[in-house]
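Taking it in order: structure first as structure tokens, then the write-up.
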Amino acid sequence: MRCGGGFVLIGKADPKSVGRLDPMATLLELLTERLAAAFATVAGEAVDPVLRESQHADFQADGALPLAHRLGRPPREVAASVVEALEIDDLCSGVDVSGPGFINLTVSDSALDGLLTTMAGDDRLAIPVTEQPVRVIVDYSAPNVAKEMHVGHLRSTYIGDAAVRLLEFMGHDVVRENHIGDWGRPFGMLIEHLLDVGESEAAAEISIGDLDGFYKAANAKFDEDDSFAERSRQRVVLLQGGDEQTLVLWRTLIDASQRYFLSVYDRLNVRLTPDDFAGESSYNDQLDSVVDELEAAGLLRESDGAMCVFPEGFTNRDGDPLPLIVRNRVGGYGYAATDLATIRDRFCKLGADRILYVVGLPQQQHFEMVFQVAKEIGWYTADSEATHVGFGSILGDDGKMLRSRAGKSVKLIDLIDEAVDRARRAATEKNPDLDEAEAGLVATAVGVGATKFADLSTERTKDYVFDFDRMLAFDGHTAPYLQYANARIHSIFRKNEAGGSVVDDGAIVISEPAEHKLAIRLTEFATVVDEVSQSLDFHRLAHYLFDLASAFTTFYEHCPVLKADGDVRASRLSICRVTSRTLSQGLDLLGIDVLERM
RNA sequence: GCGCUUGUGGCUCAAUUGGAUAGAGCAUCUGAUUACGGAUCAGAAGGUUGGGGGUUCGAGUCCCUCCAAGCGCGCCA
């Protein structure tokens, strides 16, 4: 097998995106141009103004400090000279030198009007489609057949789903792969147990979600019953030998499990379908050829009876080269072999430009080794990359890995059920007018959304503490707070429509400070989305959306919409509409549902 | 032992990738309800960023060193 050639980019540019410009980037570019001209006048050479957003004004230019150092003049004096030379009145209403020599810029309301009106009139909220669409494979969720999904799968599923949503929105060609654990030693005992219980019984048990019971029963028998254990071992041999009857039984387990997984995904509103299942077993017939290819490349070495690859740069506790064991001493394949076959398949056959492995951080070294081998053997092309999108653990309130009281791993679906239950109780208490059907919708959106927001709003690589009370609180940094902000906007729309008027999405005119701050936030959306689509730091999008909702509620308190008259009223209705659309779009990218009423 | 990750107010998290007086939320305290949903808003208080050293105009961020926690380090995935 050989890499390269023949792949055609599938992501097609939306014709409407031509000329679509990120508002904040546009503004930064304009400001930078003016500042650069002024700096050049003072310095006599080109100088980077070092422009960025600021807590002290809308923007700040820090370039005077390093320049002052070079010129040997006081920084504030240099900054003052730059301001003197600066022609920027059409864009800024305020320019000050501040602190040790920062230049603070306040953008004029009129400059914001145009940017925001453009954003309001754009179906993508002025977010450009990527200019370089690539094929991205996202490997996520990955539950094990006949085993319960637990908290470990929660993060992979949420993060992977958000990645898929975001990259698709940016115009990339995204392939979802659910690398389920459908192969290996446990299947001997699982199949034997299946036969003992009866096929239809077992399938029913599994597809309704009683996987723990099934797996535990099989495991218990394996430990206690020698003849069962022996049958299990023989069954593994039959399975790996491709025995037809065994494969049928194996398939039964997989089908039942998949039905169960899909029911979970449906409840979580996660975009995984039957087409996305690409289990470990699907690479079985490629394992021999991987070994052959490694062998031919001279990378394979025998060590303690096992066939190993020793990727460069890895050592064990004795300082000796660390192996990736491709084939164990009895000739069996392990996960290293499967992962090598998988990465080869993705790069060389599926034509991946970028592969994302959304898997917990403990497996970091394993993936680094797999990537290194793939590089050494030449499966990468010049532009391709594989990334381990690692994440930390979910902790209980004791600061340790989340476990049930019995010390067992917590079922994912139990966590969701409790979150939704709590959300339902809160919703019916806060808003008794909701009928049962609507309360159900609200409970799901809020309950599931709360767990997603909690998960995606902290830095991915860190552990976080799972706390129902905090994530479901209706104030603070939570999904319900954001959903509530959106519901309030829609309440305005309902009242407006009841009064017989419509939102015309017309010209936006900023005048109040609260409008100004909200407008600045809104124009940042495209920049944040673009940045996160590269870094996959979803917490930045989450924090942005919280700041946006927060800026909106301030606006809501200070700037009456329906009580205002004429153009102001129309403008504020437009601002409400863009805000609602931005909140909805942003939350949707995180996989969180929004509500018009709650 | 080696490697990876982490350490920020009482608690949970940020910090535009080296920029100002380290920002939010919860909890606490003080105000605001005859304006579109109070599931809200405005404000106060709370910090030697685990310790020490270094690099420079400037360090939570980079380097060195120590301390603490979690995870990984040959035939499981």
Side-chain angles (χ1 to χ4, degrees), chain A residues 50 52-56 60 62 65-70 75 98-102 104 142 144 181 183-186 280 303-308 314-319 322-330 332-336 338-339 359-366 368 390 392-393 395 399-401 426-427 429-431 446 454 457-459 461-465 467 469-471 473-478 480-481 483-485 487-496 524 527-528 531 535 539-540 542-543 546-547 550 553-554 556-564 572 576 597-598:
Chain A
V50 195
R52 60 192 64 203
E53 288 173 57
S54 174
Q55 296 161 17
H56 304 274
Q60 65 183 60
D62 302 347
L65 279 80
L67 177 60
H69 188 239
R70 284 210 303 281
S98 159
F102 299 104
N104 287 353
N144 294 312
W183 200 248
R185 280 190 328 203
E280 294 165 2
S303 168
D304 285 345
M307 299 304 288
C308 304
F314 296 88
T315 52
N316 68 11
R317 71 183 74 203
D318 300 320
L322 189 62
L324 206 52
I325 297 170
V326 180
R327 192 160 206 175
N328 66 25
R329 81 165 68 95
V330 293
Y333 291 114
Y335 73 127
T338 311
D339 280 341
V359 181
L361 235 25
Q363 294 199 47
Q364 179 163 307
Q365 181 173 264
H366 167 70
E368 282 172 355
S393 306
L395 308 178
K400 294 180 179 164
M401 301 275 279
E429 182 193 323
K430 301 277 187 192
N431 191 351
V446 170
S457 64
T458 67
E459 202 184 320
T461 54
K462 290 186 180 177
D463 298 347
Y464 76 90
V465 177
D467 182 338
D469 288 330
R470 202 168 47 239
M471 70 177 71
F474 291 141
D475 39 39
H477 196 198
T478 64
Y481 176 85
Q483 289 165 322
Y484 177 64
R488 284 170 120 187
I489 297 175
H490 279 275
S491 178
I492 291 178
F493 293 157
R494 281 194 296 275
K495 286 224 158 56
N496 183 52
E524 287 167 352
T527 301
V528 172
E531 192 274 324
S535 68
H539 73 282
R540 298 207 174 206
H543 281 266
F546 175 77
D547 289 342
S550 198
T553 52
T554 300
Y556 182 90
E557 294 287 330
H558 292 90
C559 305
V561 177
L562 298 178
K563 303 278 176 188
R572 287 182 181 169
C576 286
R597 200 197 308 266
M598 60 190 280

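Here the structure is a predicted model, which means the values were calculated and not measured.
Minimum heavy-atom separation, A/Val528 to A/Arg540: CG1-O, 4.2 Å. Closest heavy-atom contact between A/Pro480 and A/Val446: CG-CG1, 3.8 Å. The two atoms that bring A/Tyr481 and A/Gly476 nearest to each other are CB-O, 3.3 Å, heavy atoms only. The minimum heavy-atom distance linking A/Ala487 with A/Met598 is given by the pair CB-CG, 3.9 Å. The two residues A/Cys308 and A/Ser303 come nearest to each other via the heavy atoms SG-CB, 4.0 Å. Nearest heavy atoms, A/Ile489 versus A/Cys576: CG2-O, 3.5 Å.
Looking at heavy-atom distances under 4.0 Å, A/Val561 makes contact with a base. Within the 4.0 angstrom heavy-atom criterion, base atoms lie near A/His56. Heavy atoms of A/Glu53 sit under 4.0 angstrom from at least one base atom. Within the 4.0 angstrom heavy-atom criterion, no nucleotide atom of any strand lies near A/Pro480. Using a 4.0 Å heavy-atom distance criterion, A/Pro186 is classed as making no nucleic acid contact. Within the 4.0 angstrom heavy-atom criterion, no nucleotide atom of any strand lies near A/Thr338. Using a 4.0 Å heavy-atom distance criterion, A/Gly476 is classed as a sugar-phosphate-only contact. Residue contacts shown for A/Arg540 include a base, since a base heavy atom lies under 4.0 Å away. When heavy atoms are screened at a 4.0 angstrom cut-off, A/Lys495 is found touching the sugar-phosphate backbone but no base atom. Residue A/Thr553 is in sugar-phosphate contact alone, with no base atom involved, counting any heavy-atom pair closer than 4.0 Å across all strands shown. Among the protein residues, A/Ser550 comes within range of no part of the nucleic acid, since none of its heavy atoms lies under 4.0 Å from any strand. Across all strands shown, A/Asn431 has heavy atoms under 4.0 Å from base atoms, whether or not it also approaches the sugar-phosphate. Within the nucleic acid shown, A/Asp304 comes within 4.0 Å of at least one base atom, counting heavy atoms only. A/Ser54 comes within contact range of at least one nucleobase, with a heavy-atom separation under 4.0 Å.
Checked by distance alone, A/Asp469 brings no side-chain donor or acceptor within 3.5 Å of a matching partner on the base of B/A27. The base of B/A39 is not paired with the side chain of A/Tyr484 by any donor and acceptor separated by under 3.5 Å. A donor-acceptor contact under 3.5 Å is formed by the side chain of A/Gln60 with the base of B/A20.
Residue A/Lys462 places its side chain closer to B/A14 than to any other of B/C41, B/G74, B/A14. Comparing B/U40, B/U12, B/A20 by their closest approach to the side chain of A/Arg470 singles out B/U12. Taking the side chain of A/Asn104 as heavy atoms from C-beta on, and the options B/A14, B/A20, B/C36, the nearest nucleotide is B/A20. Checking B/C36, B/C75, B/G25 against every side-chain atom of A/Ser491, the shortest atom distance belongs to B/C36. Set against B/A24, B/G37, B/C71, the side chain of A/Phe546 has B/A24 as its closest nucleotide. Residue A/Tyr556 places its side chain closer to B/G38 than to any other of B/G38, B/U16, B/U40. Closest approach to the A/Pro362 side chain among B/A39, B/A35, B/C71 is made by B/C71 (side chain taken as heavy atoms from C-beta onward). Listed nucleotides B/U16, B/A35, B/G74 differ in distance to A/Ile325; the shortest reach to its side chain belongs to B/G74. Of the candidate nucleotides B/A15, B/A77, B/G72, B/G72 has the atom nearest to the side chain of A/Gln365.
Both geometric conditions, a ring-centre gap below 5.5 Å and a plane tilt below 30°, are not fulfilled together for A/Tyr464 over the base of B/U12.
Straight-line distance between the P atoms of B/G23 and B/G9: roughly 15 Å, to the nearest whole Å. With both ends at atom C1', the span from B/C26 to B/A45 equals 15 Å, rounded to whole Å. For the P atom pair drawn from B/G58 and B/G19, the interatomic distance equals 14 Å after rounding to whole Å. With C1' as the reference atom, B/A68 and B/U49 are 16 Å apart, rounded to whole Å. The separation of B/U8 from B/A15, taken at their P atoms, amounts to 14 Å, rounded to a whole angstrom. Comparing the C1' positions of B/C41 and B/C36 gives an interatomic distance of 15 Å, to the nearest angstrom. The same atom, C1', is picked in B/A24 and in B/G47; the two are 14 Å apart, to the nearest Å. For the P atoms, the distance from B/G18 to B/G10 is 28 Å, rounded to whole Å.
Here B/U55 is in the anti range [glycosidic angle more than 90° from 0].
The side chain of A/Arg494 contributes no N or O atom lying less than 4.0 Å from OP1 or OP2 of B/G37. In this model, the phosphate group of B/A15 is approached by a side-chain N or O of A/His539 to a distance below 4.0 Å at OP1 or OP2. A close approach under 4.0 Å does occur between a side-chain nitrogen or oxygen of A/Arg52 and OP1 or OP2 of B/G19. Side-chain N/O atoms of A/Arg488 include none lying less than 4.0 angstrom from OP1 or OP2 on B/A39.
Note: A/Phe102 and A/His56 fail the aromatic proximity criterion, with ring centroids not under 6.0 Å apart. Remark: aromatic rings of A/His490 and A/Phe493 are close, center separation under 6.0 Å.
No hydrogens or angles considered: nothing links the side chains of A/Tyr484 and A/Thr553 as a donor-acceptor pair under 3.5 Å.
Annotation: A/Arg185, atom CZ; neighbour count of heavy atoms from other residues, nucleotides and ligands within 6.0 Å does not exceed 12.
Two residues, A/Asp463 and A/Asp475, neighbour RNA chain B, and the one matched to the more 5' nucleotide by heavy-atom proximity is A/Asp463. Between A/Asp62 and A/Ala336, the residue anchored closer to the 5' end of RNA chain B is A/Asp62, taking for each the nucleotide with the nearest heavy atom.
Rounded to whole Å, atom C1' of B/C75 lies 13 Å from atom NE2 of A/His366. Rounded to an integer number of Å, the gap from A/Leu65 CG to B/G58 C1' is 7 Å.
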Legend entry - Secondary-structure string, 5' to 3', Watson-Crick or G-U under 3.5 Å, | for another-strand partners, for RNA chain B: (((((((..((((.....[...)))).(((((.......))))).....(((((..]....))))))))))))....
